[in-house]
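Residue numbers run from 1 in the order of the sequence given.
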Amino acid sequence: MASPVTSSPHRGLLVVQPLRRRHCAECGGGPLPMLVLEDGVPRCLDCADLGHLVFVPRGDTALTRRSREESALSAVVVRFNRRRSRYERQGVLVEEAGLARAERRCLADAEARRRRRVRDARRRAAEDVRFTRAFAAEIRRLFPGCPADRADEIAAHASVRGSGRVGRSAAGRALSEGAVTSAVAASVRHVDTPYDDLLMGGVPRHEARRRIAPAAERTLRGWRTAETEQDGEAEAWDREEGTRGRGTEAQGGGTEHEAAVG
């Protein structure tokens with residue numbers, strides 16, 4: 001686990017919520033719920049001269065921003081996320097008087113901010129609907145054999161805001177062919193093959209994917225080639241109609257010639 005930088009010109013002081021039991025290198029107190037790394041060793045907030053600050057958990061953006069604005073001294077609290085291999089913000093430490101002033105400011109314009117949140121939520125919802133429709137349309141373009149309701153279902157699942165799914169990646173928002181194909185392939189894997197049953201049976205993920213790969217590829221190939229087959233049938237129909245038309249014209253021409261001779 002990499003150690004975070006203890007200060008930054010953009011974020012200010014950093015305080016860490018440790019994952020393991022740590023004790024202060026100066027006073028020996030602990031285990032510490034929060035610590036500051038100075039010269040690579042942990043110190044408690046009191047020894048780091050931050051013990052008088054109060055913790056404001058993340059979640060209320062306005063209160064967090066204003067409490068830092070109202071405090072002469074503040075620090076960002078982070079914790080290491082092992083799954084993502086990075087430090088993530090948990091909240092801030094601010095002066096108690098600064099927090100009180102920030103709370104009064106938030107109460108004063110709470111209704112205006114509530115209305116703004118409602119407007120923003122409506123705007124985002126409309127954007128999400130448009131994006132999901134565009135994603136579904138791209139699925140149908142790349143996989144013309146995919147049933148329309150299935151394309152809508154895949155698009156709705158892949159494009160959920162904040163889900164971290166492929167539809168919300170940069171490539172997904174750009175409707176790149178790779179991202180759209182990945183979303184369709186994932187749906188086929190879970191819905192049209194025994195992949196989930198294999199996982200529940202204890203089969204390792206990579207082995208389960210290997211086993212279901214042929215069946216998944218058959219479905220994807222069928223969805224991809226539907227338009228080609230339809231186009232081929234249409235071309236054959238056009239050729240047949242053209243042949244019939246030329247035959248009719250030839251028959252008509254012969255009749256006119258016989259009439260002229262007669």
Side-chain angles (χ1 to χ4, degrees), residues 1-24 26-27 29-128 131 159-165 167-170 172-173:
M1 180 177 70
S3 297
V5 178
T6 57
S7 64
S8 164
H10 302 292
R11 292 183 297 179
L13 298 173
L14 283 182
V15 171
V16 180
Q17 290 181 341
L19 299 180
R20 296 179 298 170
R21 294 167 62 90
R22 304 290 295 272
H23 291 74
C24 179
E26 188 167 331
C27 69
L32 302 175
M34 297 184 193
L35 59 86
V36 175
L37 289 174
E38 291 183 345
D39 300 325
V41 296
R43 284 181 170 79
C44 67
L45 297 186
D46 286 332
C47 291
D49 294 329
L50 300 177
H52 64 291
L53 302 182
V54 294
F55 179 60
V56 179
R58 65 181 183 181
D60 189 329
T61 305
L63 181 61
T64 298
R65 184 184 69 253
R66 290 172 175 178
S67 61
R68 294 193 72 188
E69 291 172 353
E70 296 288 349
S71 297
L73 180 64
S74 66
V76 176
V77 180
V78 298
R79 184 170 61 212
F80 190 73
N81 185 319
R82 287 196 177 105
R83 184 172 62 85
R84 297 181 176 179
S85 298
R86 69 186 187 192
Y87 282 91
E88 295 181 342
R89 183 187 292 248
Q90 304 301 309
V92 294
L93 289 171
V94 296
E95 295 172 338
E96 190 168 3
L99 175 58
R101 289 190 294 269
E103 289 173 336
R104 288 194 294 270
R105 289 174 59 186
C106 288
L107 286 174
D109 64 355
E111 180 59 24
R113 289 186 294 110
R114 186 194 66 79
R115 290 195 298 268
R116 185 167 60 245
R117 285 196 299 270
V118 170
R119 291 196 301 271
D120 291 344
R122 290 173 179 168
R123 175 182 52 78
R124 288 192 297 267
E127 291 173 352
D128 290 347
F131 175 68
S159 61
V160 174
R161 185 184 291 270
S163 64
R165 296 169 187 155
R168 281 296 169 181
S169 64
R173 291 195 299 274

All side-chain hydrogen bond (donor to acceptor under 3.5 Å, both in side chains) counterparts of Arg119, not counting sequence neighbours: none
Shortest non-hydrogen contact from Phe55 toward Gln90: CZ-O, 3.7 Å
Rounded to the nearest 0.5 Å, the CG atom of Leu13 sits from the CG atom of Leu93 at a distance of 9.5 Å
Answer yes or no: is there an ion pair linking Arg123 with Asp120, defined by an N-O contact shorter than 4.0 Å? yes
Go through it in stages, so that I can follow the logic: the residues are Val54 and Val94, the test is side-chain contact (heavy atoms from CB on, under 4.5 Å), and I'd like the CA-CA distance, side-chain angles, deciding distance and then a yes or no. CA-CA 5 Å; Val54 294; Val94 296; 4.0 Å; yes
I'd like to know if Asp128 and Arg168 make a salt bridge, using a cut-off of under 4.0 Å between side-chain N and carboxylate O. yes
Evaluate the side-chain contact (heavy atoms from CB on, under 4.5 Å) criterion for residues Val76 and Arg68: first the C-alpha distance (whole Å), next the side-chain angles of each, then the deciding distance (0.1 Å), finally the verdict. CA-CA 10 Å; Val76 176; Arg68 294 193 72 188; 3.7 Å; yes
By side-chain hydrogen bond (donor to acceptor under 3.5 Å, both in side chains) - contacts of Glu88 (at least two apart): Asn81, Arg84, Arg86
Where is the tightest heavy-atom contact between Leu19 and Phe80, given as atom of each residue plus distance? CD1-O, 3.6 Å
Check the pair Leu45 / Val15 against side-chain contact (heavy atoms from CB on, under 4.5 Å), numbers first and verdict last. CA-CA 8 Å; Leu45 297 186; Val15 171; 3.9 Å; yes
Just by modelled atom types, is the Glu95 backbone N or O under 3.5 Å from a matching donor or acceptor in the Ser71 side chain? yes
Counting only heavy atoms not in Glu96, do more than 12 sit closer than 6.0 Å to its CD atom? no
Pairing residues for Arg165 by the side-chain contact (heavy atoms from CB on, under 4.5 Å) criterion, not counting sequence neighbours: His157, Val160, Ser163
Measure the shortest side-chain to side-chain distance between Cys27 and Cys44 over non-hydrogen atoms and say whether it is less than 4.5 angstrom. yes
Please report the interatomic distance OG1(Thr64) to CG(Leu99), rounded to the nearest 0.5 Å. 9.5 Å
Once you round to the nearest 0.5 Å, how far does CZ of Phe131 lie from CZ of Arg161? 10.0 Å
Could you grab the distance from atom CD of Glu70 to atom CZ of Arg105, nearest 0.5 Å is fine? 5.0 Å
Roughly how far, to the nearest 0.5 Å, is the CG atom of Leu73 from the CG atom of Leu50? 5.5 Å
Those residues at least two apart in sequence (or on a different chain) that pass side-chain contact (heavy atoms from CB on, under 4.5 Å) with Cys106 are Ala62, Leu63, Arg66, Arg113
Under the side-chain hydrogen bond (donor to acceptor under 3.5 Å, both in side chains) test, which residues partner Gln17, sequence neighbours left out? Arg79
CD of Glu26 to CD of Glu38, rounded to nearest 0.5 Å, is 8.0 Å
Taking only residues at least two apart or on different chains, which pairs with a member in residues 46-62 satisfy side-chain hydrogen bond (donor to acceptor under 3.5 Å, both in side chains)? none
Can you confirm whether Pro31 sits close enough to His23 that some side-chain heavy atom of one is under 4.5 Å from a side-chain heavy atom of the other? yes
